[in-house]
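Chain identifiers are assigned alphabetically (A, B, ...) following the order of the sequence lines, protein sequences preceding nucleic acid strands; residue numbering begins at 1 within each chain. Because only heavy atoms are used, hydrogens play no part in the values below, and waters and symmetry mates are left out as well, while side chains stay in.
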Amino acid sequence: MQLNPAQNNAVHHVSGPCLVLAGAGSGKTCVITNKIAYLIQHCGYKARHIMAVTFTNKAAKEMKERVGKIFGKQELRGLTISTFHTLGFDIIRREYKILGLKIGFSLFDAEDQMSLLKSLTENTIEGDKGLLKQLFCKIASWKSDMLTPAQAKILVTGKQDQLFAQCFSLYHKQMKAYNALDFDDLILMPVVLLQTNQEVRERWQSEIGYLLVDEYQDTNASQYQLIKLLVGERAYFTVVGDDDQSIYSWRGAQPKNLLTLNQDFPNLKVIKLEQNYRSTSRILRAANILIANNPHVFEKTLFSERPNGDMLKVLKTNNENHEAERVVSEIIRHKFMNGTNYKDYAILYRGNHQSILFEKVLMQNRIPYKISGGTSFFSRVEIKDIMAYLRLLTNQDNDNAFLRIVDRPRREIGSVTLEKLGLYANMRGKSLFSASLEMGLQQHLNGRSLGSLQRFTRWILELFEESERGNAVEAIRLLVRDYRYEDYLYETASSVKVAEMQMKNVSNLYSWIVAELEGDNYNNEPQTLHEVVQRLTLRDMMERNEKSVDADQVQLMTLHASKGLEFAYVFLIGMEEGLLPHQSSIDEDNVEEERRLAYVGITRAQQEMTFTLCEERRQYGGLIKPMPSRFLEELSCNVEWEEKKQPQTQEERITKGSAAIANLRSILKKS
DNA sequence: TATAGTGTTATTTTT
DNA sequence: TAACACTATA
């Protein structure tokens, strides 16, 4: 592959810190993979001394594939390409003794955190969902700013924040008692460790000869610290990012880290990639003129040598039904005229709920489509249940997992029993599991409840011992055999079909776990049950065999989900004030991020770009007349408005038709 | 312990 | 409005 001069510079600058400002479609992944190749082939780096960090497993996987195409397996041995969180997890796993952790620690996902917080704040917040969410965010932000509960308490002003700091402290203590870590801890603990322990720091710094970071604009404060600590004084690293595509500030990303880098490393080499290989010149010009309305730290102007291309189109429709029908009939027409494939078309939107109507219309027209997002494999109830069993199996102190599954399937362990158990455990500072086995409990519970409770805990204990003896596979087999989850699914599911699906998910998960435990999965080493369960929470294995079937389907997804992808023909729907920019962003005076969101959407398009908006829209029960999005205005002369009203939607015709028939009938009856 | 009735709330989401 | 979570009730 031929690199342009800027890309070449980015690849060849290896003697110090390097920031690559990679505009949309400028070939940044190409630069990273080529740089890894260059480091190995021309700079004498061993693969195991190179580390590349991304944000998602998907991105890591893609990078591995692309590097794999350049090299053979042998040369790549030891090369690390992982996510921030997996990297942190690996550091913790190797240093757990110094960190004072027990090896079987549990990883808590957002849902676990939430239910823990809920139980900790039963008396103070009393299940107020809004407040609970605020608390959750507050703790996350304290953690990403690397504050301990004690520090937070001192810094905090205002009554509510004081309460929150109190909860933070409780949360912290409880997590320790559970021997559990949350996702933020996976970054935070390595940072603190590397800061305070010189020996460990030097060991890791010498181990990592060169560090590459993708999507750098999405890093938060603690992730940046981790980078800094890992590269050390020598600062041999390359970060790649684009401040115009920073769309995750609501998740703690700090695009100002681009600027900080400039200050922290005075010899930072900044290289801009400004040639776009994706879109037509027209689309690019439109994107440039839109994003020019945002302030910039580093100015950059993308250009394309591709032909000018069509104007960007705006379709104004009557209402949201027309919007969907217009777009779908446009796709049908366009496909027919140009002999394209369905997968060349993407429908992008701000919020997930916008997809529903499009889904309906696509279905009516028998057009294959794919919606990205929605409930992922791991947020399905049946998978969460199984995971809870496994987590309890690897760490009995995990009360969260315990509570989720003690009575699922039914074991006649009701809320009263659990409440008494909770009280007992709380007084003695024990976990629910270990408390349930204590003799003293007899005074608080009647024989029957105690019996069913202990039957459960003893069973788990047996399985635990089995897996500790090295027979994890056998333990899992017994688990499946004895707890009759299948029956439970069939009893509780709304239909047989649903239950069948759920059971299929469960058995998929099982075969995966067994394969990982035995180590015959993609010639990986056998893993302990601890490792398998921890990695599953990080979702770091499932994706490996998830074949992305390249089916010919129209692609529907949110703007956020579209980042990094490209499509020949893009529809960006709902270009209205209140939707894009979203109302809450207008209220919070953060239209800039919405503009970047629109920018991301436009720069996905290779050939043609179409916007739609409605005259009227149903919202929260009422009918509103939205204003066109300010972004359409900003695109100015690059867009062409086409106002063509459709008489009626299919549905309106039908309902009106049947109303007329009913009317006729009633008239006939009377006469 | 199911079920109907009531209330609440409408962004983006990965690890 | 519609979808969801939660609660009172038989």
Residue mapping more 5' on DNA chain B - nearest nucleotide basis, Lys133(A) or Arg251(A): Lys133(A)
Nearest to side-chain heavy atoms of Glu588(A), which nucleotide of dT13(B), dT15(B), dT11(B): dT11(B)
is_close_aromatic(Tyr248(A), His560(A)), centroid dist under 6.0 Å: yes
Over 12 non-hydrogen atoms of neighbours within 6.0 angstrom of CE in Met627(A): no
Between protein and nucleic acid, restricted to nucleotides 6-8 of chain B and to nitrogen or oxygen atoms under 3.5 Å apart, what atom pairs and distances do you find?
none

Donor-acceptor pair, side chain of Glu588(A) and main chain of Ile586(A), under 3.5 angstrom: no
Cation-aromatic face contact Arg596(A)/Tyr599(A), 6.0 Å, 45 degrees: no
Donor + acceptor pair across side chains of Asn294(A), Arg595(A) (<3.5 Å): yes
Partners meeting ring-ring contact (aromatic ring centres under 6.0 Å, His included) with His582(A) (sequence neighbours left out): none
Distance test, side-chain N/O of Asn57(A) to OP1/OP2 of dT15(B), below 4.0 Å: yes
Distance in angstrom units between Ile187(A) CD1 and dT14(B) P, rounded: 16 Å
Given DNA chain B, 5'-ward residue of the pair Asp109(A) and His582(A), judged by closest heavy atom: His582(A)
Sugar-phosphate, base or nothing in reach of Tyr620(A), heavy atoms under 4.0 Å: base
Asp587(A) CG: over 12 foreign heavy atoms closer than 6.0 Å: yes
Value in whole Å for how far the C1' atom of dA10(B) lies from NE2 of His353(A): 8 Å
Letter per nucleotide, 5' to 3', of nucleotides 2-7 of chain C [B base touched, S only sugar-phosphate touched, - untouched; heavy atoms, 4.0 Å]: ----S-
Distance-only donor-acceptor test (3.5 Å): side chain Arg618(A), base dT1(C): no
Whole-Å distance separating the CG atom of Asp182(A) from the P atom of dT14(B): 17 Å
Sugar-phosphate, base or nothing in reach of Thr56(A), heavy atoms under 4.0 Å: sugar-phosphate
Whether Phe168(A) and Trp142(A) hold their rings parallel, tilted or perpendicular, with breakpoints at 30° and 60°: parallel
Leu212(A) side, atom CG; Ile227(A) side, atom CD1 - distance, nearest 0.5 Å: 11.0 Å
His85(A), nearest nucleotide to its side chain (from dT13(B), dT15(B), dT11(B)): dT15(B)
Distance-only donor-acceptor test (3.5 Å): side chain Ser584(A), base dT11(B): yes
Asn352(A) vs dT13(B): side-chain N/O to OP1/OP2 distance below 4.0 Å: yes
Donor-acceptor pair (no angle test) under 3.5 Å: Arg350(A) side chain, dT12(B) base: yes
